[in-house]
Participant: 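Pasting a structure here, questions to come.
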Amino acid sequence: MDSPLDTPSDPSASDASPSRRDVLIAGATTAIASAIPLGAGAAPAAPAPMAGQVPGAAAPVRAQVLLTVNGVIREMEVDTRTSLLDLLRESLHLTGTKKGCDHGQCGACTVIVDGRRINSCLTLAVMHEGAAVTTIEGLGTPDAMHPMQAAFVKHDGYQCGYCTPGQICSAVAVVAEIRAGVPSHVTPDLTAAPLMNGEEIRERMSGNICRCGAYSNILDAITEVAERRA
């Protein structure tokens, strides 16, 4: 007599019974569902960040700043991280001042602040509360050019012109520095007034890069203005 163990299994019964894999999946699903509180949904969405704000970062700090720009008093609220360059270009739309490298290495963003030339990309606007800022637009206009602007045109002191606003602002300040007796690295005698010569001018203008290579023409333009106003 055949043993029950030798009886062939019923194929239809085998297909109907759940497999071990099905049982494990069903058990895991039940465990996960029971761990979620009733009515719980997705985590609430974080508020959308402000324009220019990194998600998850604290809201930017804003402050009032008052400047006299090209003779006009300007008072505005700015992000305390705003550079003077970005304030001039983006807030006041004085786009003559150029953003060349944004690292203080090319001089295209040079402006004159309280009589001294600075790289406006390296300084914050809020650091100059109450200061007088002169940009290329404040030196002259196409109909009434500053002598340095006219000299740059006369001597072809530019090619693409991108660096020219910074070159001219720097050149105006260089002439003023030499006249005021401010020495440079090439001034041979610190007890005597520096000379208005090519060596002094080249050294003082070395922070303004002209990628087109119009340096000799720039030097001629500055020299003519310096000699004319001597």
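Computed from heavy atoms alone, side chains included, the values below leave out hydrogens, waters and symmetry copies.
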Participant: With a 4.5 Å limit on heavy-atom distance, are the side chains of H155 and S216 in contact?
Facilitator: no
Participant: Can you name the nearest heavy-atom pair linking T123 to H128, along with the distance?
Facilitator: OG1-NE2, 2.6 Å
Participant: Provide the closest heavy-atom pair for C109 versus C121 in the form atom of the first, atom of the second, distance.
Facilitator: SG-N, 3.4 Å
Participant: Under the side chain to side chain donor-acceptor pair (under 3.5 Å) definition, can you give me all pairs with a residue in residues 94-105, not counting sequence neighbours?
Facilitator: D86-K99
Participant: Decide yes or no for P194 and R204: does some side-chain heavy atom of the first lie under 4.5 Å from some side-chain heavy atom of the second?
Facilitator: yes
Participant: With no hydrogens and no angle check, do the side chains of N70 and T134 hold a donor and an acceptor under 3.5 Å apart?
Facilitator: no
Participant: May I ask you to test the P60-R81 pair for a side-chain heavy-atom distance under 4.5 Å?
Facilitator: yes
Participant: Could you walk me through whether E177 and R116 pass the salt bridge (charged side-chain N to carboxylate O under 4.0 Å, His left out) check?
Facilitator: CA-CA 9 Å; E177 288 170 8; R116 298 180 61 186; over 6 Å; no
Participant: Under 4.5 Å between any side-chain heavy atoms of R117 and V172, yes or no?
Facilitator: no
Participant: Members other than L92 in its cluster, when Ile, Leu, Val, Met, Phe, Trp, Tyr link by side-chain heavy atoms under 4.5 Å?
Facilitator: V65, L67, V69, M76, V78, L84, L87, L88, L94, V111, V113, I118, L124, V126, M127, V133
Participant: Measuring only between side-chain heavy atoms, which start at C-beta, is R74 closer than 4.5 Å to T68?
Facilitator: no
Participant: Do the side chains of V175 and M148 get nearer than 4.5 Å, heavy atoms only?
Facilitator: yes
Participant: Tell me the closest heavy-atom pair linking T80 and R62, and the distance in Å.
Facilitator: CG2-C, 4.3 Å
Participant: Does a donor on one side chain and an acceptor on the other come within less than 3.5 Å for E200 and S184?
Facilitator: yes
Participant: Do the side chains of S83 and L122 get nearer than 4.5 Å, heavy atoms only?
Facilitator: no
Participant: May I ask you to check whether D143 and T141 show a side-chain donor-acceptor distance below 3.5 Å?
Facilitator: no
Participant: Applying side chain to side chain contact (heavy atoms under 4.5 Å, CB included) to T164 and Q149, what does each step give before you reach the verdict?
Facilitator: CA-CA 9 Å; T164 305; Q149 292 172 313; over 6 Å; no
Participant: When you compare the side chain of Y158 with that of Q167, does any pair of heavy atoms fall below 4.5 Å?
Facilitator: no
